Amino acid sequence: MSYNALGGVDRHADGSVVRRMKTVIAGVDLDCECRARLDDALTRFTALEQRRVQREHLVRARQHRERIEAIVDLLREVDELAAAEPDRSVYTELALLFDEVAATSGEGALCMRSLAILPADGAEPSQS
């Protein structure tokens, strides 16, 4: 599986491999029955790969949610702080935790958006 620059799964990578395989096979002289069986196998393979990619997105989204949950537990320290906290570095540390929630939320959102654009039936994704 390949990933895009943002760390999300590249939804075109798996589909393009199957399309390239189909292109190569189209140039091979096969009898009709063999070609039909091969086309059927490629269609099933495509559906299996699509479901694998969908599961991967969902697993990663759940991992991001778990990470956010753990960070939110650490952020409960904000409730204990006073405005005149003598150790000012605590504010910087908590700011970093908020930054991490934002970054992890963005990654989780990317996983969900990737799931939203993938077909639900395991068919090949459209060429958008």
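Given the structure is predicted, the values throughout are model-derived calculations rather than measurements.
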Review point. D79: what forms a salt bridge (charged side-chain N to carboxylate O under 4.0 Å, His left out) with it, not counting sequence neighbours?
Key: none
Review point. Which atom names give the shortest non-hydrogen contact between A61 and G108, and what distance separates them?
Key: CB-O, 4.5 Å
Point to revise | Co-members of the apolar cluster containing I71 [side chain, <4.5 Å] | key: I68, V72, L74, L75, V78, L81, V90, Y91, L94, L97, F98, V101
Check your understanding: Does any non-hydrogen side-chain atom of H64 lie less than 4.5 Å from one of C111?
Key -> yes
Practice item. Not counting sequence neighbours, which residues clear side chain to side chain donor-acceptor pair (under 3.5 Å) with R76? List them please. Key: D73
Check your understanding: Which pairs, with at least one residue in residues 36-48 and sequence neighbours excluded, count as a salt bridge (charged side-chain N to carboxylate O under 4.0 Å, His left out)?
Key -> D40-R44
Practice item. Could you pull out all residues at least two apart from S89 that satisfy side chain to side chain contact (heavy atoms under 4.5 Å, CB included)? Key: D87, E93
Check your understanding: Does M112 sit in a hydrophobic cluster with other residues, and if so which ones, taking ILVMFWY side chains as linked at heavy-atom separations under 4.5 Å, directly or through other members?
Key -> L58, L115
Check your understanding: Per the side chain to side chain contact (heavy atoms under 4.5 Å, CB included) rule, which among H57, Q50, E56 passes with Q54?
Key -> Q50
Practice item. Could you tell me which residues satisfy side chain to side chain donor-acceptor pair (under 3.5 Å) with R113, sequence neighbours excluded, listed by chain and number? Key: none
Check your understanding: What pairs meet the salt bridge (charged side-chain N to carboxylate O under 4.0 Å, His left out) rule with one or both residues in residues 62-72, with sequence neighbours excluded?
Key -> R65-E69, R67-E100
Check your understanding: How long is the span from the CZ atom in R60 to the CZ atom in R55, to the nearest 0.5 Å?
Key -> 15.5 Å
